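Inspection log for the structure reproduced underneath, given as structure tokens.
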Amino acid sequence: MKHSMNQQTRRGRGPARRIGRTLAFVLPVVLVLSGTLAVTRVNWSGNSTDPVLTAADTSVGSPRAAKRAPQDILRDKLLTELQEEDPGVALTHLQQAVNGRPSLARHCASIARALGQAAVRVYGPTRAQSYARPVCDTAFATGVAAAHS
């Protein structure tokens with residue numbers, strides 16, 4: 001009698017156990033794949049007119065997301081100074097900002113290039129080049145050359 005009871009108990013758990021094991025394997029795989037697909041669906045560049053939510057979309061989320069990055073604020077401020085005063089003042093303030101806040105150093109070259117390109121638009125290539133100095137290596141002069149060519 002014991003033997004037949006044991007077989008019946010095993011049969012009762014068999015299909016349920018197999019289904020459970022299958023789900024234990026398949027469910028994490030499905031979750032990982034769906035998460036991966038969701039991440040690849042996001043436009044991380046932020047340069048899209050597609051209505052899909054972009055990673056840089058500041059209209060959604062906390063008010064903190066609406067804040068701009070410090071390097072973007074600095075670049076815009078320096079571009080305004082370049083137009084109101086001259087590129088020399090903007091380059092001096094860029095160097096002071098990088099010295100005062102070392103975390104901006106990795107953005108220094110791109111900001112200086114943007115200043116160089118803006119200087120060509122405002123002052124022309126020859127006059128813009130006269131303001132070049134070794135702030136962030138030669139990024140300002142590179143920006144001037146890129147805008148002029």
Side-chain angles (χ1 to χ4, degrees), residues 9-10 12-149:
T9 306
R10 283 186 190 160
R13 286 189 300 176
R17 181 168 277 177
R18 267 183 278 157
I19 291 171
R21 285 181 181 170
T22 302
L23 282 176
F25 174 74
V26 172
L27 192 59
V29 171
V30 169
L31 290 174
V32 167
L33 287 176
S34 65
T36 303
L37 292 173
V39 169
T40 59
R41 182 75 175 122
V42 173
N43 178 5
W44 293 100
S45 70
N47 298 330
S48 176
T49 58
D50 192 15
V52 174
L53 180 67
T54 62
D57 192 356
T58 57
S59 63
V60 178
S62 67
R64 197 174 217 187
K67 289 185 179 180
R68 295 175 53 218
Q71 66 271 12
D72 295 336
I73 295 169
L74 176 62
R75 184 190 63 241
D76 292 347
K77 177 184 169 206
L78 294 174
L79 287 171
T80 301
E81 282 184 4
L82 182 138
Q83 291 178 355
E84 292 175 356
E85 298 184 37
D86 65 59
V89 172
L91 287 171
T92 299
H93 288 153
L94 173 60
Q95 188 65 56
Q96 290 171 346
V98 170
N99 291 344
R101 195 169 177 184
S103 63
L104 292 170
R106 65 180 170 181
H107 304 286
C108 186
S110 66
I111 294 171
R113 268 192 306 277
L115 290 172
Q117 293 168 350
V120 169
R121 288 190 300 270
V122 175
Y123 297 100
T126 306
R127 187 163 173 215
Q129 188 62 41
S130 71
Y131 290 102
R133 61 174 89 159
V135 175
C136 308
D137 297 323
T138 58
F140 180 83
T142 304
V144 170
H148 180 56
S149 58

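What's counted below: heavy atoms across the whole structure, side chains too, no hydrogens, waters or symmetry copies. What you are looking at is a predicted structure, and each value in this text was computed from that prediction instead of being measured.
With values rounded to the nearest 0.5 angstrom, Gln71 atom CD is found 8.5 Å from Ile73 atom CD1. Expressed to the nearest 0.5 Å, how far OG1 of Thr92 lies from CD of Glu81 amounts to 9.5 Å. Rounding to the nearest 0.5 angstrom, the gap separating the CG atom in Asp72 from the CG atom in Asp76 is 6.5 Å. For the atom pair CZ of Arg68 and CG of Leu74, the computed distance is 10.5 Å after rounding to the nearest 0.5 Å. Between atom CZ of residue Arg21 and atom CD1 of residue Ile19 there is a gap of 12.5 Å, rounded to the nearest 0.5 Å.
When all heavy atoms are compared, the tightest approach of Ala139 to Arg113 is O-CG, 3.2 Å. Across Ala90 and Leu78, no two heavy atoms sit closer than the pair O-CD2, 3.4 Å. Taking both residues in full, the closest heavy atoms of Ala97 and Leu104 are given as O-CD1, 4.0 Å, listed atom of the first, atom of the second, then distance. Taking each heavy atom of Gln117 and Ala146 in turn, the nearest pair found is NE2-CB, 4.0 Å. Across all non-hydrogen atoms, the minimal contact from Ala128 to Phe140 is O-CE2, 3.3 Å.
Heavy-atom neighbours of Arg133 CZ from other residues, nucleotides or ligands within 6.0 Å: above the threshold of 12.
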Inset, instruction - Starting from the C-alpha separation in whole Å, work towards a yes-or-no answer on side chain to side chain contact (heavy atoms under 4.5 Å, CB included) for Arg75 and Leu79. - result: CA-CA 6 Å; Arg75 184 190 63 241; Leu79 287 171; 4.0 Å; yes
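Proximity of Tyr123 to Asp86: side-chain heavy atoms (C-beta onward) are separated by under 4.5 Å at one or more points. Within the 4.5 Å cutoff, the side chain of Leu115 has no heavy atoms near those of the Pro87 side chain.
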